[in-house]
Student: 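One structure coming up, written as structure tokens, with questions to follow.
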Amino acid sequence: MSAQPNVDEESQAQPLLDPSLHRSLSNVTSQVAIVGSNICPIESLDYEIYENDFFKQDWRSRGKVQIFQYIFMKWLLCFLIGLIVSLIGFCNNLAVENLAGVKFVITSNMMLVKRYGMAFLVFFSSNFVLTLFASIITAYIAPAAAGSGIPEVKAYLNGVDAPGIYTLKTLVVKIVGSITAVSSSLLIGKAGPMVHTGACVAALLGQGGSRKYGLTWRWLRYFKNDRDRRDFVTCGSAAGIAASFRAPVGGVLFSLEEMASWWRSALLWRCFFTTAVVAIMLRALIDVCLSGKCGLFGTGGLIMFDVTSQNTTYHIKDVPPVLVLGVIGGLLGSLYNFLLEKVLRIYSCIYGKKPIYKIILACAISVFTSCLLFGLPWLASCQPCPIDASEACPTIGRSGNYKKFQCPPGHYNDLASLIFNTNDDAIKNLFSKDTDSEFQYSSILIFFATCFFLSIFSYGIVVPAGLFVPVIVTGASYGRFVGMLVGSHSNLNHGLFAVLGAASLLGGSMRMTVSLCVIILELTNNLLLLPLIMVVLLVSKTVADAFNGNVYDIIMKLKGFPYLEAHAEPYMRQLTVEDVVTGPLQLFNVIEKVENIVHVLRTTGHHGFPVIDERSHSESPVLFGLVLRAHLIVLLRKKAFLTTAVPAGSDAFKHFSAVDFTKRGSGNGDKIEDIELTEEEMEMFIDLHPFCNSSPYTVVETMSLAKALILFREVGLRHLLVIPKISNVRNFNLSVGLSFSSYAQRLDNRRHLYCMALQCTYTLHNTYTMSLLICAHTQFGEFSLLESHISALLGFLLQCPCTNTKH
């Protein structure tokens with residue numbers, strides 16, 4: 001199938017897809033890719049169990065001991081994932097607190113002796129060096145480590161094998177780069193990178209061993225398939241959230257609600273077990289820090305904002321302000337996503353050039369951030385310390401509610417307490433109770449505007465950067481401001497309003513409800529806020545959904561990931577799979593000539609081929625099964641050829657085993673260009689009987705496009721065969737070409753459009769087959785739903801970036 005876009009370039013919104021993004025290369029994008037190609041080079045994953053003869057033989061040969069090994073290794077790897085991710089999360093926080101702590105302590109000491117110029121120089125230079133280091137290692141060593149990584153992990157769990165996202169160097173750069181970037185006072189978070197880190201750890205442990213590093217333990221071979229790796233990556237993403245916020249249940253729900261496209265009860269148990277290991281390990285490690293052995297690490301340990309109040313009561317009169325917070329959060333969340341998308345598109349123009357330009361941009365943002373964070377507190381007036389302050393006032397050192405900054409003795413700078421601090425300490429100050437009179441209106445507004453815009457401009461730079469913490473601190477600032485406006489008219493203190501404000505902006509930007517509710521409850525240790533948090537999340541999500549999608553879906557679209565949505569568009573009910581067919585299809589006979597196989601593999605990019613049997617007892621060829629491109633390459637590499645076109649029988653089992661057909665790590669498969677064959681070998685034959693999946697998923701041609709899409713996504717398929725509803729079709733020859741171009745007209749709203757390609761196999765008499773390869777690439781387009789099928793086909797001018805139908 002080919003797609004030739006023919007639209008006005010000014011009205012065209014192409015996916016930001018890097019033209020250099022190939023399987024042999026790393027993803028060189030940060031949070032955006034480059035506008036360019038219409039061809040999508042990202043491959044899909046084979047989540048379906050490929051039941052060929054070798055797979056069946058392997059499972060038949062397994063006894064109780066092997067089955068026990070398989071189950072035990074799954075639980076053991078889940079335990080190791082939780083253990084390693086908890087250690088990484090603890091060390092991450094420990095390093096950030098100490099690096100940033102040393103910086104703020106030195107700066108504060110110089111401020112005490114009124115050496116303001118030297119204090120700014122230390123603050124500025126330390127932030128610049130940390131940002132420069134993080135951007136260099138990210139741009140040159142592991143570009144896939146840039147950004148939060150949540151869109152990449154979410155796309156992977158949907159079936160998209162983006163290159164370079166789960167390599168060892170990506171993991172190392174993600175950890176080191178996140179520590180240095182967050183320590184540099186950029187308004188970014190470490191929760192998103194921790195999700196990517198957990199997924200990397202899980203993917204590397206689930207690779208099934210490595211010959212390069214001598215890890216070829218026989219037990220590990222059981223996990224050399226995409227299905228088991230998907231489960232481990234899901235557990236890893238849950239462990240990342242659990243390690244970031246000490247929210248084990250929230251981590252499980254986050255993976256279920258936001259990340260995973262496929263779920264089952266056994267996976268739920270393993271995710272819960274993994275996050276439980278994280279929670280226990282963090283508790284043990286924090287106890288060590290409470291004894292004073294972690295340097296400048298806070299006594300609170302990790303991110304834990306205790307806003308428990310002895311008298312947290314609320315009445316019906318407190319509900320209207322909460323509803324207002326939800327509406328504000330929905331509006332600001334949708335605006336946040338809109339501005340972030342525009343900024344990332346602007347950054348894409350810079351990222352199309354050499355890596356040095358990415359580093360310059362990151363350093364420029366660091367310089368601008370340092371000047372703002374050091375200069376804005378000078379705009380706030382000094383406040384006298386309250387008599388009944390719950391802690392020392394003014395604060396001398398790194399953290400505290402009452403930062404002295406430039407103020408005289410007995411006074412504090414409320415804006416400096418928020419802005420000249422780490423993000424975690426700023427959130428603690430905003431969430432703090434019994435501090436209703438601490439902040440001025442002007443200081444809160446300045447802090448909110450600074451966080452709102454700095455977080456947008458900081459996210460797209462070439463460093464590991466998350467969105468959770470910036471959104472929390474931004475939402476908490478305007479939540480606190482609303483609490484100050486309500487004042488004594490509400491029973492809720494300002495700290496609780498800050499919590500509800502953070503929840504509203506999270507719901508408006510990320511569009512999650514259940515998982516965010518549980519994460520915030522575990523984060524704040526205040527179960528009494530549950531009803532109010534539920535209300536504010538529901539209101540903010542409902543309001544924001546009227547304007548745009550959630551932030552991670554927007555970023556996936558910008559990066560060109562072919563994400564397949566869970567729902568079907570209404571127009572798909574009006575179409576059948578037959579309506580979007582194109583042909584002819586490349587297929588093989590069960591005994592095929594080597595020359596034909598090599599020609600098809602070199603001239604097409606398909607990853608699955610129908611196999612027909614012309615030697616059966618039927619009068620016409622019948623569908624035998626489906627063979628994968630990777631398996632054909634293995635057959636060519638092993639050179640198990642036949643001199644005559646006769647079945648190999650049981651001899652095939654002597655040359656191959658199930659291990660030969662297991663999938664290697666992401667992006668490490670053999671290529672047809674690496675296979676060298678002589679002319680004599682090209683004239684030989686291959687018996688495909690033992691290597692075909694003889695029970696592929698099939699549907700009838702009259703199935704609606706909506707049902708096919710849902711089946712494709714829910715089962716996690718890569719290939720779907722379509723058979724005719726009416727048999728005894730003699731001399732059937734179907735040649736329908738459907739070319740999707742970029743856009744169609746619709747005036748009311750924007751939709752996700754899915755590009756699907758059907759390939760038709762021509763057979764005679766009573767059957768024909770079609771292989772449905774769904775690209776699953778979503779595009780925002782506008783269309784007009786017409787009544788008839790033909791007019792609908794003419795009206796839906798879509799852009800298909802997957803013209804080589806690799807997916």
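Everything numeric in this text was worked out from a predicted model, so none of it was measured.
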Student: Tell me whether R713 is salt-bridged to E565, with the criterion being a basic N under 4.0 Å from an acidic carboxylate O.
Tutor: no
Student: If you compare all heavy atoms of P151 against all heavy atoms of I555, which two are closest, and at what distance to 0.1 Å?
Tutor: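 Looking at all heavy atoms of both residues, the closest pair is CG-CG2, 3.6 Å.
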Student: Salt bridge or not for R718 and E48, using N-O below 4.0 Å?
Tutor: no
Student: Is the distance from the ring center of Y166 to that of Y156 below 6.0 Å?
Tutor: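 Ring centroids of Y166 and Y156 are less than 6.0 Å from each other.
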Student: Restricting to non-hydrogen atoms, name the atom on Y478 and the atom on G501 that form the minimum distance, rounded to 0.1 Å.
Tutor: OH-O, 3.3 Å
Student: Does any pair with a residue in residues 507-517 pass salt bridge (charged side-chain N to carboxylate O under 4.0 Å, His left out), and if so which ones, sequence neighbours excluded?
Tutor: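 As it turns out, the salt bridge (charged side-chain N to carboxylate O under 4.0 Å, His left out) pairs with a partner in residues 507-517, which skip direct neighbours, are R511-D545.
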Student: Testing the 3.5 Å rule here: is there a donor-acceptor pair between the side chains of D231 and T234?
Tutor: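 Looking only at side-chain atoms, T234 and D231 do not form any donor-acceptor pair under 3.5 Å.
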Student: Under a 4.5 Å cut-off applied to non-hydrogen side-chain atoms, are L339 and F453 in contact?
Tutor: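 They are in side-chain contact.
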Student: Of all heavy-atom pairs between A362 and S135, which one has the smallest distance, and what is that distance?
Tutor: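 Of all heavy-atom pairs spanning A362 and S135, the closest is CB-CB, 3.9 Å.
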Student: Using the test ring pair (Phe, Tyr, Trp, His ring centres under 6.0 Å), find all partners of Y552 that sit at least two apart in sequence or belong to another chain.
Tutor: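 Expected list: none.
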Student: Specify the closest pair of heavy atoms between T138 and V462, including all atoms of both residues, with the distance to one decimal.
Tutor: CB-O, 3.4 Å
Student: Any sub-3.5 Å donor-acceptor pair from W262's side-chain atoms to G716's backbone N or O?
Tutor: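 No, the answer is negative, given that no donor and acceptor are paired below the 3.5 Å cut-off.
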Student: What pair of heavy atoms forms the shortest contact from G460 to L344, and how long is it?
Tutor: CA-CD2, 3.6 Å
Student: For the residue pair E257 / T513, report whether a side-chain donor-acceptor contact shorter than 3.5 Å exists.
Tutor: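 Checked: T513/E257 side chains pair up, N/O donor to acceptor below 3.5 Å.
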Student: Dump the intermediate steps for side chain to side chain contact (heavy atoms under 4.5 Å, CB included) on L467 and L340, then the final yes or no.
Tutor: CA-CA 11 Å; L467 281 174; L340 181 63; 4.2 Å; yes
Student: Do N92 and K190 have side-chain heavy atoms sitting under 4.5 Å apart?
Tutor: yes
Student: Would you find a donor on one side and an acceptor on the other, under 3.5 Å apart, between the side chain of R229 and the backbone of A203?
Tutor: no
Student: Hey, are T131 and S184 close enough side-chain-wise for a donor-acceptor pair under 3.5 Å?
Tutor: yes
Student: If you measure from OG on S366 to CG on L361, what distance do you get to the nearest 0.5 Å?
Tutor: 11.0 Å
Student: In Å and rounded to the nearest 0.5 Å, what is the OG to CG distance from S540 to L506?
Tutor: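 One gets 8.5 Å once the value is rounded to the nearest 0.5 Å.
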Student: Are the ring centres of F368 and F457 closer than 6.0 Å?
Tutor: no
Student: How many angstroms lie between atom CD1 of I356 and atom SG of C363, to the nearest 0.5 angstrom?
Tutor: 8.0 Å
Student: Please round to the nearest 0.5 Å and tell me the distance separating atom CG of L558 and atom CG of D553.
Tutor: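 Reported to 0.5 Å precision, the distance equals 11.0 Å.
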Student: How many angstroms lie between atom CD1 of I461 and atom CD1 of I359, to the nearest 0.5 angstrom?
Tutor: 11.5 Å
Student: Which heavy atom of C451 sits nearest to which heavy atom of T474, and what is that distance?
Tutor: CB-OG1, 3.4 Å
Student: Please determine which of L332, V536, T542, V539 meets the side chain to side chain contact (heavy atoms under 4.5 Å, CB included) test together with V327.
Tutor: V539
Student: Counting only heavy atoms not in F338 (residues, nucleotides, ligands), do more than 12 fall under 6.0 Å from its CZ?
Tutor: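 Open.
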Student: Is there side-chain contact between F468 and S509, with heavy atoms separated by less than 4.5 Å?
Tutor: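 Heavy-atom side-chain distance check fails, nothing below 4.5 Å.
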Student: Tell me if a side-chain donor or acceptor on N158 pairs with a main-chain N or O of A260 at a distance below 3.5 Å.
Tutor: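 Pair absent, no side-chain N/O of N158 close to backbone of A260.
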Student: Assess, by modelled atom type and distance only, whether the side chains of T167 and T170 contain a donor and an acceptor separated by less than 3.5 Å.
Tutor: yes
Student: Assess, by modelled atom type and distance only, whether the side chains of N548 and S334 contain a donor and an acceptor separated by less than 3.5 Å.
Tutor: no
Student: Would a distance-only check, ignoring hydrogens and angles, find a side-chain to backbone donor-acceptor pair under 3.5 Å from D161 to L45?
Tutor: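 Side chain of D161 to backbone of L45, a donor-acceptor pair under 3.5 Å: no, none is there.
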Student: Nearest 0.5 Å please: distance from the CD1 atom of I150 over to the NE2 atom of H196.
Tutor: 10.5 Å
Student: Not counting sequence neighbours, which residues clear ring pair (Phe, Tyr, Trp, His ring centres under 6.0 Å) with F452? List them please.
Tutor: Y336, F448
